[in-house]
There are 2 protein chains.
Amino acid sequence: MSGMKQDTVTPTEGEEWAAAARVALEREGHRSGGARDTVIELLAAAGGCLEAEDVAEQLRSQGQRVGTASVYRALALLSELGLLERVAVGSSAARYELVLADGGHHHHIVCDDCGETVPFSDGRLESAVHGLAAPAGFEIRAHEVTLHGSCPGCRG
Amino acid sequence: MSGMKQDTVTPTEGEEWAAAARVALEREGHRSGGARDTVIELLAAAGGCLEAEDVAEQLRSQGQRVGTASVYRALALLSELGLLERVAVGSSAARYELVLADGGHHHHIVCDDCGETVPFSDGRLESAVHGLAAPAGFEIRAHEVTLHGSCPGCRG
DNA sequence: GTTCCTGCAAAGGTTTTGCACCATA
DNA sequence: TATGGTGCAAAACCTTTGCAGGAAC
């Protein structure tokens, strides 16, 4: 038995993340008011774990007229600033996770049959990863763990 | 300090893997003699960690006339049979790793600046991963760890 | 001879880029 | 008004699929 638990981003954490994102963007001299802001709001509300197309789709279903390219550009910029982590889970599209101020984050288990992706977190795993010594001259800045298997529905 | 070390597949391990692959394919009723065999040979010699395009390119530079689709089909079949693991490391193309009989495998550290990918293995990390309890009803069959950072060349 | 495998070409899905227009500062 | 951001469209990239010809059993 390990310390694994379902990890969720609370509404409060989401709003704090959005505030930090806005501050970081302003500090870097970026303008506010456009599509990027709505991407930030949506990510904060959803708590991350979205594909680019999810973001675009959900914004459009809210009545926003947002171009796919703008979504990708916003996600790329936020990733560069260290506010998002782009995770290539599964075989298709990448997902974006909030990078929270307290360093708390989660990983993913993917059903290889249906593609369902479920987040989890585990303290012992984090300890093991942080104990890693980087190979020759590398500087480690982030890590990503993906489990593969079958979900309850596909396991029959 | 942890048990991390550079992990390489020895020529002997590679040949054993190729033999196992040929046995598995015959057992499943697949024919031999075509492009798939050369893909197996190349993977065994290279020790894995190749992208589909690498495989196609290297075969062509050996004078083989091989279609990209055949390479992808071979890689997909070998993955289905559990002889390869498809890993989505970095942002672009997937890489394929040999699944060795002794269960030994490695993970990857990626330079987010230049894309260089270096394999590593670590015993303590493996223990931590195997100690994980799967979320509700999931059955874990494989895992994948990717570190992100900067390589010596890009760290300046 | 039948079935599977192959190469080529075309299509599919994801992500990036070019460009003209608009909004922010 | 100068700059950066945006939407749209087209391109680039990785991967899969359709198909006719060829190879293995």
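Below, chains carry the letters A, B, ... as their sequence lines are ordered, and counting in each starts from 1. Heavy atoms only: backbone and side chains are in, while hydrogens, waters and symmetry mates are out.
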Taking any heavy-atom pair under 4.0 Å as a contact, classify Ala76(B): base, sugar-phosphate, or nothing. nothing
Between P of dG7(C) and CZ of Arg36(B), the distance in whole Å: 11 Å
Just checking Ala35(B): base, sugar-phosphate only, or nothing, at a heavy-atom cut-off of under 4.0 Å? sugar-phosphate
Pick the nucleotide of DNA chain D nearest each of Thr68(A) and Tyr72(B); which residue has the one closer to the 5' end? Thr68(A)
Take atom CZ of Arg95(A) and atom C1' of dT15(C), then tell me their distance rounded to the nearest Å. 16 Å
Spacing between Leu78(B) atom CG and dC5(C) atom P, to the nearest angstrom: 12 Å
Rounded to the nearest Å, what distance is computed from the CD atom of residue Glu57(A) to the P atom of nucleotide dT15(C)? 14 Å
Please report the distance, rounded to the nearest Å, between CG in Leu84(B) and P in dT15(D). 14 Å
Between Leu25(B) (CG) and dT6(C) (P), how many Å, whole number? 10 Å
Let's test your reading of the model: under 3.5 Å, does the base of dT16(C) pair with the side chain of Arg73(A) as donor and acceptor? no
Select one nucleotide: of dT16(C), dA23(C), dT15(D), the one nearest the side-chain heavy atoms of Arg31(A). dA23(C)
Leu59(A) and Val39(A), any side-chain heavy atoms less than 4.5 Å apart: yes
Can a side chain N or O of Ser70(A) be found less than 4.0 Å away from OP1 or OP2 on dG7(D)? yes
Hydrogens and angles aside, do Glu97(B) and His106(B) bring a side-chain donor and acceptor to less than 3.5 Å of each other? yes
To check you understand the geometry: which heavy-atom pair defines the closest contact between Ala18(A) and Ala44(A), and what is its length? CB-CB, 3.8 Å
Over all strands shown, is Ala93(B) touching base, sugar-phosphate only, or nothing at heavy-atom distances under 4.0 angstrom? sugar-phosphate
Side-chain N or O of Arg65(B) closer than 4.0 Å to phosphate OP1/OP2 of dT6(C): no
Any side-chain heavy-atom pair of Val110(A) and Leu147(A) under 4.5 Å: no
Closest of dC5(C), dA9(D), dG5(D) to the His30(B) side chain is dC5(C)
Ala52(B) side chain, from C-beta outward: closest of dT15(D), dC8(C), dG7(D): dT15(D)
Take Ser92(B) and Ala69(B), find for each the nucleotide of DNA chain D with the closest heavy atom, and name the residue whose nucleotide sits nearer the 5' end. Ser92(B)
Could you tell me how far apart Glu51(B) (CD) and dC13(D) (P) are, to the nearest whole angstrom? 13 Å
Do we see a donor-acceptor contact under 3.5 Å between the side chains of Ser150(A) and Arg141(B)? yes
Can you measure Glu80(A) atom CD to dT15(C) atom C1' for me and round it to whole angstrom units? 14 Å
Base, sugar-phosphate, or nothing for Arg60(A), non-hydrogen atoms under 4.0 angstrom? nothing
